[in-house]
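Note sheet for the following structure.
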Protein chains: 2
Amino acid sequence: MTSMTLADVAAHAGVSTATVSMVLRNRGRISTATRQRVLAAIDTLGYVYNQTAANLRNRRSNQIGLLLHDITNPFYAEMTAGLSQEMERHDLMLFLANSEESVPRQQKFVESLLQHSAGGMVLCAARQTPPLFFEVLKRRNIPAIMVVRPVNDACFDFVGTDNFLGTQLATRHLIAMGHRHIAFIGGAAASATRAQRLGGYTSTLLENGLAIHPDWIVCCDAGQGAGREAAAQLFRAHPAITAALCYQDVVALGVMQALRALNLHVGRDVALIGFDDIIEASLVEPGLTTVSVAAREIGRTAGGLLFSRMQGNDEPPKRIILPPTLVIRGSCGFSG
Amino acid sequence: MTSMTLADVAAHAGVSTATVSMVLRNRGRISTATRQRVLAAIDTLGYVYNQTAANLRNRRSNQIGLLLHDITNPFYAEMTAGLSQEMERHDLMLFLANSEESVPRQQKFVESLLQHSAGGMVLCAARQTPPLFFEVLKRRNIPAIMVVRPVNDACFDFVGTDNFLGTQLATRHLIAMGHRHIAFIGGAAASATRAQRLGGYTSTLLENGLAIHPDWIVCCDAGQGAGREAAAQLFRAHPAITAALCYQDVVALGVMQALRALNLHVGRDVALIGFDDIIEASLVEPGLTTVSVAAREIGRTAGGLLFSRMQGNDEPPKRIILPPTLVIRGSCGFSG
DNA sequence: TTGTAAGCGTTATCAG
DNA sequence: CTGATAACGCTTACAA
């Protein structure tokens, strides 16, 4: 099966390549008669459209890139599903790269996207990304949407959630449940997102006349194991703590393990709230109360925005902040 | 910044386009002097290689596709990370699609891959995929590796785990713990994977002189709720059962709930084993003993094999089966 | 070692 | 409504 070209189809149908191209793309006026002939020819020849040639000719491709740092994190997996769905609606192909926080890998991926004349990209940039990266990207003026992790550069569109409000909601809930000794576990010290979440927590404590104990605020990596370690230390050192707000659900899951090992019953002895609302949050026993950021929705929204940019939407850069909601399950106990 | 071409670089460096192309690809003999000049020109002009043009000319692209049915499933996310890593090592771009078990979506993705002259693909096909799909794929002779879900067609490479061995290990463990009344819960009746897992279970029973009770073998959907329902019925109808092997961890989690409702203590009154080793398996109380498959490794292996096929490796189709291991936690109690 | 030039398969412009 | 034809930017014989 030596591959057929537009010219072969044209010959077979007795028309020109221009006509075939127009039929394929529903452009221009083509009589129903010739359209039928062309379609028939395509069918009998088993013709496969060559998107590469079209992309070359158009100087732009129908490919977009998604850069993540950890596809293994359920939150990002969920977001990816949302984006993928949206991309498919628009007949766009999705390139995926997993930087694992490596700046060179990220750099290389973006360069590849440029080499492929990608129509745009959705980025959740690695933490150590140098400002120059964004400068260069800007100059290329290819649509780029930042997600989840905001960038100190108002030139880029951003889709994310309101971290501050999220932890405010969570902290208020814990206080309403009667807790006065609330810890904050997780996140990387240098993370801007963490700063916001921490802000929602501390400000709510202060608003309610509660003291802030720096010792009750600990960082840890985004993993179950890290959460477990951190919590084990924390709760041993500070038995007064009766509730914890976790930077992420995965951390909260680790904290649950640690508490169990300490013979503390989550939902009765200690209240726990996570952030992200990953699937696992509803599966564990007791269910994890958590701040839901609609990961899938972030993906869909970013996809929609990117598509509109690719269509030429040149409104000023937007920051779309999806409101978080508190999903209440059993991990904080139940109020009367 | 109107984009530069190879010709621009050539002009700037005072050489021909052929020379520039060779420098770019490290082909042919180029004197160090001209190579320097070319590289300098590339640098000063800010030239970006046009991979699309190259792909058109080569009639083949450096793009490969990954089709999954659910990227949201931690198992597949992990596998994706492994594949992505491997692809990057070989400078291949990864297209991702999430079929969500939709045959049309899957079909469309594969067609897109063909239109993009993809170099190959890794597929975990939707469950309802018609045989014709594979027939057509075969005729295109583009390298395609099947993962996780085997296909009734020896023409394709396959990378997956040894389901049979997995349940053998699990069943042996239960027998070694003294169980003689072992049920099998979960999976879809038509699933080939289930057939294999069931085979490991039944053959091990027979090997050990134990009878097979068809009534103790039940299907259910891949969800906690389904597992709970199935188990509730099963254990009420057959109180003699002292152990259950579950098709998946998620099912096992549901079974745990059902047992709890029946006031049966997992790990003491009833032993339970799952399959997959998802995160939750380590979180529940007691921890779920389960068969673990190295998801990331499956991704890496599939990537390596695909790459070798793209390089022209034309050995007969392979079936690479990665061995599962039994992860022992508390759900079967502890021996001596 | 390097240059010339003919494609790769599509799209768009301009005639007819 | 349809046809002829020149790009798009790179690769690769074949020449020099």
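Quick note on labels: first sequence line is chain A, next is B, and so on, each numbered from 1.
Taking the charged nitrogens against the carboxylate oxygens, Arg309(B) and Asp314(B) have no contact shorter than 4.0 Å, which rules out a salt bridge. A salt bridge links Arg296(B) to Glu100(A): one of the charged nitrogens lies within less than 4.0 Å of a carboxylate oxygen.
For the pair Arg25(A) and dA12(C), the criterion of a side-chain N or O lying under 4.0 Å from OP1 or OP2 is met. Remark: Thr5(A) is not in phosphate contact with dG9(C), judged by side-chain N or O atoms under 4.0 Å from OP1 or OP2. When the side-chain nitrogen and oxygen atoms of Thr19(A) are compared with OP1 and OP2 of dT2(D), none of them lie within a distance under 4.0 Å. OP1 or OP2 of dT11(C) lies within a sub-4.0 Å distance of a side-chain N or O belonging to Ser21(A).
Leu56(B) comes within contact range of at least one nucleobase, with a heavy-atom separation under 4.0 Å. Among the heavy atoms of the strands lying under 4.0 Å from Ala18(A) is at least one base atom, whether or not backbone atoms are also near. Contact annotation for Ile30(B): backbone-only contact, meaning every heavy-atom pair under 4.0 Å involves sugar-phosphate atoms and none involves a base. Note on Asn55(A): nothing from the nucleic acid sits closer than 4.0 angstrom, heavy atoms only.
Gln115(A) has its CD atom 15 Å from the P atom of dG9(D), to the nearest Å. As rounded to whole Å, 13 Å separates atom P of dA12(C) from atom CZ of Arg60(A). We find that CG of Asn26(B) is positioned 12 Å from P of dT11(D), with the value rounded to whole Å. Residue Leu114(A) contributes atom CG, which lies 16 Å from atom C1' of dG9(D) at whole-angstrom precision. Straight-line distance from the CG atom of Leu6(A) to the C1' atom of dA7(D): 16 Å, rounded to whole Å. One atom, CE of Met22(A), and another, C1' of dT10(C), lie 14 Å apart when rounded to the nearest Å. Protein atom CZ of Arg27(A) is 11 Å distant from nucleotide atom P of dT13(C), rounded to whole Å. When the P atom of dC1(D) is taken as reference, atom CZ of Arg37(A) falls 15 Å away, rounded to whole Å.
In this structure, Asn58(B) and Val15(B) both approach DNA chain C, and ranking their closest nucleotides by distance from the 5' end singles out Val15(B). For the pair Thr17(B) and Tyr47(A), nearest-nucleotide mapping onto DNA chain C gives the more 5' position to Thr17(B).
Taking the six-membered ring wherever Trp is involved, the centroid distance between the rings of His12(B) and Tyr47(B) does not fall below 6.0 Å. Two rings, from Tyr76(A) and His69(A), have their centers less than 6.0 Å apart.
Between the side chain of Arg57(A) and the base of dT10(C) there is no donor-acceptor pair of N/O atoms closer than 3.5 Å.
Side-chain proximity of Arg59(B) to the nucleotides dT11(C), dA12(C), dC8(C) is greatest for dC8(C).
Between Lys108(B) and Asp91(A), the closest side-chain pair of non-hydrogen atoms falls below 4.5 Å.
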